[in-house]
Peer 1: 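Please see the structure below; I have some questions.
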Amino acid sequence: MKLFHFTDLEKKAESILGSHPFTYIKSGSGDEETLGDNIADLRKWKIRPKFLQDVSKRDLSISLFGKNYKTPYLLAPVGNLGIVHPEAELAVSRAAKQVGVPIIASTVTSVSMEEIAAEAGDRWFQLYCSSDMDITLSFIRRAEQAGYGAIVITVDMPALGFRASDLTNQYAPFKLGAASGNYFSDPVFQKKLACSPSKDFQRAVDEQLKHLFAPGFSWEDVAALRMATDLPILLKGILHPSDAKKAMEFELDGIIVSNHGGRQLDGCISSIAALPAIVDEVGGRIPVLFDSGIRKGADVVKALALGADAVLLGRPYVYGLAINGEEGVKEVLDNFIYDLDATMATAGVNAVSALDRDLLVRT
Ligand SMILES: Cc1cc2nc3c(=O)[nH]c(=O)nc-3n(C[C@H](O)[C@H](O)[C@H](O)COP(=O)(O)O)c2cc1C
């Protein structure tokens, strides 16, 4: 593969994936104002290095919920990976395990969370709360039993965003059944089916789509889920400090500042622009993770220096998967770790824990 620029990864993935699947991965909602701002706003921050520090040893490690990790990376939940590579989430899980990076498995995967767990190392489960609370609770039980270490509730998808490019292409992988692994294997969902998916696939997919999103999901439901599990719960998609405050009031364990890679609310604030106020509101009481726009080591340094405890990689690893399956994902991860290490050294910082706002200026 030997592709070190994000733009090269993207170009190569485009040449491999068909135009509609590639557009599904690459694009954002609306006219991609927010997708663009995620990148542009990261570039407004500049690193102000301090030299003659001893950077002969660099410590990239972090700790989250009492566990130590070698690097500050996690893999973001990405659904529908079956359109990217035949081994989809299983290849991603194996690659992440080799490198020692935790995965956050999506609700909408091509295979079940149990099959993913069998291949994965450290793993968290991302939950799209179903409009049917019994399905949601079943997913949580299954995640507990399959050894997932945390539940990540994605809150920024009460409905699918206005995905103009996919609408233009009339492309909807959810409808192709690329995201049915957890639903079709779920005992609560199965009871809703008149016949098994193997007998009438499309009917089962249609039934899944009825339950997939929960526009009525509210803080009261969050309180119920808090009572339902002892696993750490994080909310993903937080952009407003007052939601971060509420997450703490509801005794949640962490938040992920994210705008879903610009795929949901177009015209909303970039993820990096949202980060500092949320970090200030949280004041170190619970971990604050970050995604949307990470393309290179310097982006990671900026997010961590602004107060994030860890970052999630999204599209870059999906392109690695498209290009070369498990090996491709591993190569992307290795390169991100190398880049972060080199960026820290050349910025005069020897530990992730030493990154702070003094390192940055906003231009
Ligand atoms: C193709 C695609 C599918 C995604 N599916 C999910 C998902 O199933 N659940 C979720 O919480 N986020 C999902 N996301 C959002 C990612 O978790 C993450 O927030 C986003 O990719 C970060 O933006 P970036 O890739 O531009 O860095 C998806 C993103 C992409 C690109």
Side-chain angles (χ1 to χ4, degrees), residues 6-7 9-10 13 17 20-29 32 34-42 73-85 88-89 92 102-110 113 116 124-130 139 150-158 160-161 163 165-166 171-174 178-183 212-214 234-239 255-266 268 270-272 274-275 289-296 299-300 302-303 308 310-322 332 336:
F6 176 77
T7 44
L9 274 176
E10 191 166 69
L17 295 171
H20 292 184
F22 173 71
T23 302
Y24 176 77
I25 306 295
K26 181 198 176 190
S27 62
S29 53
E32 306 190 336
T34 297
L35 179 68
D37 284 351
N38 282 339
I39 312 290
D41 288 356
L42 266 162
Y73 292 115
L74 292 92
L75 294 192
V78 171
N80 288 302
L81 286 180
I83 65 169
V84 174
H85 191 274
E89 300 85 10
V92 172
I103 58 159
I104 308 178
S106 167
T107 297
V108 284
T109 42
S110 61
M113 64 177 101
I116 291 172
W124 297 357
F125 181 69
Q126 177 266 322
L127 182 64
Y128 280 135
C129 290
S130 168
F139 283 171
I151 303 288
V152 173
I153 304 176
T154 297
V155 296
D156 58 14
M157 179 101 66
L160 199 63
R163 309 259 174 98
S165 305
D166 297 329
Y171 184 69
F174 285 109
S180 299
N182 284 322
Y183 269 82
L212 194 54
F213 301 121
L234 300 90
L235 295 187
K236 174 171 181 279
I238 298 297
L239 294 170
I255 56 175
I256 304 179
V257 176
S258 167
N259 57 28
H260 216 109
R263 298 165 70 79
Q264 282 297 99
L265 174 62
D266 193 34
C268 82
S270 71
S271 205
I272 200 71
L275 181 64
L289 281 61
F290 174 87
D291 80 22
S292 297
I294 299 285
R295 300 291 179 262
K296 56 181 182 175
D299 298 333
V300 182
K302 291 173 188 179
V311 298
L312 279 52
L313 294 177
R315 291 179 176 91
Y317 87 80
V318 180
Y319 293 144
L321 176 68
V332 168
F336 263 93

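Counting convention: from 1, in listed order, for ligands and their atoms alike.
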Peer 1: Among residues at least two apart in sequence or on other chains, which ones pass ring pair (Phe, Tyr, Trp, His ring centres under 6.0 Å) with Y24?
Peer 2: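 Per chain and number, Y24 pairs via ring pair (Phe, Tyr, Trp, His ring centres under 6.0 Å) with no residue.
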Peer 1: Give every pair made of an N or O atom of ligand 1 and a protein N or O atom lying under 3.5 Å apart, one pair per line with both atom names and the distance to 0.1 Å, or write 'none'.
Peer 2:
{"from": "ligand 1", "atom 1": "5 (N)", "to": "G79", "atom 2": "N", "distance (Å)": "3.0"}
{"from": "ligand 1", "atom 1": "8 (O)", "to": "G79", "atom 2": "N", "distance (Å)": "3.3"}
{"from": "ligand 1", "atom 1": "8 (O)", "to": "S106", "atom 2": "OG", "distance (Å)": "2.7"}
{"from": "ligand 1", "atom 1": "8 (O)", "to": "Y128", "atom 2": "OH", "distance (Å)": "3.4"}
{"from": "ligand 1", "atom 1": "9 (N)", "to": "Q126", "atom 2": "OE1", "distance (Å)": "3.1"}
{"from": "ligand 1", "atom 1": "9 (N)", "to": "Y128", "atom 2": "OH", "distance (Å)": "2.9"}
{"from": "ligand 1", "atom 1": "11 (O)", "to": "T154", "atom 2": "OG1", "distance (Å)": "2.7"}
{"from": "ligand 1", "atom 1": "11 (O)", "to": "K236", "atom 2": "NZ", "distance (Å)": "3.0"}
{"from": "ligand 1", "atom 1": "12 (N)", "to": "P77", "atom 2": "O", "distance (Å)": "3.3"}
{"from": "ligand 1", "atom 1": "12 (N)", "to": "K236", "atom 2": "NZ", "distance (Å)": "3.0"}
{"from": "ligand 1", "atom 1": "12 (N)", "to": "H260", "atom 2": "NE2", "distance (Å)": "3.3"}
{"from": "ligand 1", "atom 1": "14 (N)", "to": "P77", "atom 2": "O", "distance (Å)": "3.3"}
{"from": "ligand 1", "atom 1": "14 (N)", "to": "H260", "atom 2": "NE2", "distance (Å)": "3.3"}
{"from": "ligand 1", "atom 1": "17 (O)", "to": "P77", "atom 2": "O", "distance (Å)": "2.7"}
{"from": "ligand 1", "atom 1": "17 (O)", "to": "K236", "atom 2": "NZ", "distance (Å)": "3.0"}
{"from": "ligand 1", "atom 1": "19 (O)", "to": "K236", "atom 2": "NZ", "distance (Å)": "3.1"}
{"from": "ligand 1", "atom 1": "19 (O)", "to": "S258", "atom 2": "OG", "distance (Å)": "3.4"}
{"from": "ligand 1", "atom 1": "19 (O)", "to": "D291", "atom 2": "OD1", "distance (Å)": "3.1"}
{"from": "ligand 1", "atom 1": "19 (O)", "to": "D291", "atom 2": "OD2", "distance (Å)": "2.7"}
{"from": "ligand 1", "atom 1": "25 (O)", "to": "R315", "atom 2": "N", "distance (Å)": "2.8"}
{"from": "ligand 1", "atom 1": "26 (O)", "to": "R295", "atom 2": "NH1", "distance (Å)": "3.4"}
{"from": "ligand 1", "atom 1": "26 (O)", "to": "R295", "atom 2": "NH2", "distance (Å)": "2.7"}
{"from": "ligand 1", "atom 1": "26 (O)", "to": "R315", "atom 2": "NH1", "distance (Å)": "2.6"}
{"from": "ligand 1", "atom 1": "27 (O)", "to": "G293", "atom 2": "N", "distance (Å)": "3.1"}
{"from": "ligand 1", "atom 1": "27 (O)", "to": "R295", "atom 2": "NH1", "distance (Å)": "3.1"}

Peer 1: Please name all residues satisfying side-chain contact (heavy atoms from CB on, under 4.5 Å) with A310, sequence neighbours left out, ordered by chain then number.
Peer 2: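 side-chain contact (heavy atoms from CB on, under 4.5 Å) check on A310 returns I62, L64, L74, L289.
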Peer 1: Looking at F290 and A303, what are the two nearest heavy atoms and their distance?
Peer 2: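 Looks like CD2-CB, 3.7 Å.
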Peer 1: Would you say the ring centroid of Y319 lies under 6.0 angstrom from that of F6?
Peer 2: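 Distance test on ring centres: under 6.0 Å, yes.
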Peer 1: Apply side-chain contact (heavy atoms from CB on, under 4.5 Å) to S165 and E32, showing your working.
Peer 2: CA-CA 10 Å; S165 305; E32 306 190 336; 4.1 Å; yes
Peer 1: Tell me every residue that passes ring pair (Phe, Tyr, Trp, His ring centres under 6.0 Å) with F336, counting only those two or more places apart in sequence or in another chain.
Peer 2: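 Counting only residues at least two positions away or on another chain, F336 forms a ring pair (Phe, Tyr, Trp, His ring centres under 6.0 Å) with Y73.
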